[in-house]
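Okay, structure first, notes after.
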Amino acid sequence: MPRRTLGTLLGGAVLLLLPLALSAQGQEKAGDTVGNETCITCHEDVGKRFAKNPHVLTGGKKPYKQNSAECESCHGPGAQHAENPTKENIVSFKSLKPLEASEKCLSCHRQDKTQIHWAGSAHAEGRAGCTSCHSMHGAAPSSKALLARPKATELCLTCHTNLARALNARSRHPLLEGKMDCASCHNPHGSVTESLVRRNSVNELCYTCHAEKRGPHLWEHSPVKENCLNCHNPHSSNFESLLVAQTSRLCQQCHMQGRHQTIPSKANEPWVFSRACMNCHPKIHGSNSPSGPIFQR
């Protein structure tokens, strides 16, 4: 019969007792929870709204069923809070800092493809959090993605107030008409590019709608190929086509060779009135004509 040392016997005893200890620990944690019905007895209004929330409907079409995200999934065990309802013995998101609240949300949403670039994003670095933009108890589909405001653009403008004038500018994107919103171009949860742009570059983003400007062109206009923002302001402009300056002045920022671009002109000269330079050079984004190196065709 093999000899067994005291250490071996004790090790075996520990292994036998370990499942029992884990089971007891699990029972203790289970006893700290009270379930949604207890929470709703006090938070009745929140419970009614949350019953239509996608978080609580993850287990099926009926709220508060097995596998659904219950109140205590986010707020922690509520037994102590039920006995003594204070903010100190429950996770209150209002008392958390934005990034602390975000960590709670990311415990489930970290793997979502729209959130993979959240860490280090402009919003995270600016100390904005999930609860800064989302109302987690809101009933869907009262607001898209449980937004704190009915529309994404309205929500963005609560912080980016300097862009509010873009909604009514002479030249603008159709945000006011609801054909697009800020999230059409920007990913608020982060991206690999600056300004939270949804594509790998500004041009790639613009081409999603303005595909006819992509090319390839036989004769390419260098500033166009480099960046659309060289000539256009994406949010608003007082000039046509979101241009950053009047057409003739815009072209003269680069073209100052001393020919007709910069000589004193009469009011009816073709490079001054109407579309100015584009009266003669209409293919300003690029030309495919063999005889169009100066974008005339």
Side-chain angles (χ1 to χ4, degrees), residues 26-115 118 123-124 127-160 175-176 178 180-184 186-190:
Q27 291 175 1
E28 182 181 351
K29 287 185 176 180
D32 291 338
T33 60
V34 294
N36 294 317
E37 292 183 0
T38 302
C39 301
I40 295 171
T41 55
C42 292
H43 305 282
E44 184 177 359
D45 292 340
V46 174
K48 287 181 180 179
R49 284 186 284 120
F50 198 55
K52 300 177 182 179
N53 190 291
H55 285 105
V56 83
L57 296 174
T58 53
K61 294 183 178 180
K62 295 182 179 180
Y64 306 135
K65 293 299 181 181
Q66 186 178 7
N67 296 326
S68 65
E70 301 179 350
C71 306
E72 292 163 296
S73 298
C74 296
H75 293 282
Q80 186 179 357
H81 182 71
E83 295 179 3
N84 179 27
T86 65
K87 293 182 179 181
E88 287 71 27
N89 55 25
I90 197 74
V91 177
S92 173
F93 281 77
K94 290 182 179 180
S95 62
L96 295 177
K97 294 180 180 179
L99 295 187
E100 293 175 341
S102 296
E103 280 302 314
K104 293 283 185 182
C105 301
L106 290 172
S107 62
C108 291
H109 292 282
R110 196 180 301 276
Q111 301 303 319
D112 293 0
K113 64 179 182 179
T114 56
Q115 277 88 24
W118 170 256
H123 281 143
R127 300 298 185 267
C130 303
T131 53
S132 301
C133 299
H134 299 278
S135 177
M136 306 320 299
H137 295 129
S142 60
S143 63
K144 185 179 180 181
L146 299 177
L147 296 180
R149 297 294 180 92
K151 297 181 180 179
T153 298
E154 181 183 348
L155 175 63
C156 297
L157 292 178
T158 58
C159 291
H160 302 280
L175 279 78
L176 195 63
M180 60 184 298
D181 55 33
C182 301
S184 300
H186 303 279
N187 184 346
H189 301 112

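Bear in mind that the values here come from a model prediction, so they are computed numbers and not experimental data.
- In this structure, D181 CG and L176 CG are separated by 12.5 Å, a value rounded to the nearest 0.5 Å.
- For residues 79-101, no pair satisfies salt bridge (charged side-chain N to carboxylate O under 4.0 Å, His left out), with sequence neighbours left out.
- Nearest heavy atoms, V34 versus C39: CG2-SG, 4.4 Å.
- Ring geometry for H43 against H81 counts as parallel: the plane angle stays under 30°, on a 0 to 90° scale with 60° as the upper cut.
- With hydrogens and angles ignored, the 3.5 Å screen pairs a side-chain donor or acceptor of E72 with a backbone N or O of G35.
- Using a 4.5 Å cut-off on side-chain heavy atoms (C-beta onward), D32 and Q80 make no contact.
- The two atoms that bring C133 and L155 nearest to each other are O-CD2, 3.5 Å, heavy atoms only.
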Inset, instruction - Report the C-alpha distance between L147 and R149 in whole Å, list the side-chain angles of each, state the deciding distance to 0.1 Å, and finish with yes or no for side chain to side chain contact (heavy atoms under 4.5 Å, CB included). - result: CA-CA 5 Å; L147 296 180; R149 297 294 180 92; 5.5 Å; no
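- Considering every non-hydrogen atom in both E154 and P150, the closest pair reads OE1-CD, 3.8 Å.
- Summarising the geometry, atom NZ belonging to K151 is positioned 10.5 Å from atom CG belonging to L175; distances are rounded to the nearest 0.5 Å.
- Here the straight-line distance linking atom CG of L99 with atom OG1 of T131 works out to 9.5 Å at 0.5 Å rounding.
- In terms of heavy atoms, A145 sits closest to H134 at O-ND1, 2.8 Å.
- In this structure, the separation between NE2 on H123 and CG on N187 is 10.0 Å, given to the nearest 0.5 Å.
- Aromatic ring orientation, H75 versus F93: perpendicular (interplanar angle above 60°, classes split at 30° and 60°).
- Across all non-hydrogen atoms, the minimal contact from A82 to T38 is CB-CG2, 4.2 Å.
- Nearest heavy-atom pair across S102 and C130 is OG-N, 3.0 Å.
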Using distance only, find each side-chain donor-acceptor pair of residues 105-112 under 3.5 Å and give its atom names and separation, not counting sequence neighbours.
| unit_1 | atom_1 | unit_2 | atom_2 | d |
| --- | --- | --- | --- | --- |
| S107 | OG | K104 | O | 2.5 |
| H109 | ND1 | D112 | OD2 | 2.9 |
| R110 | NH2 | E103 | OE1 | 3.0 |

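- Put simply, OG on S73 and CG on N36 are 8.0 Å apart, with the number rounded to the nearest 0.5 Å.
- In this structure the side chain of T153 reaches within 4.5 angstrom of the side chain of C182, judged on heavy atoms.
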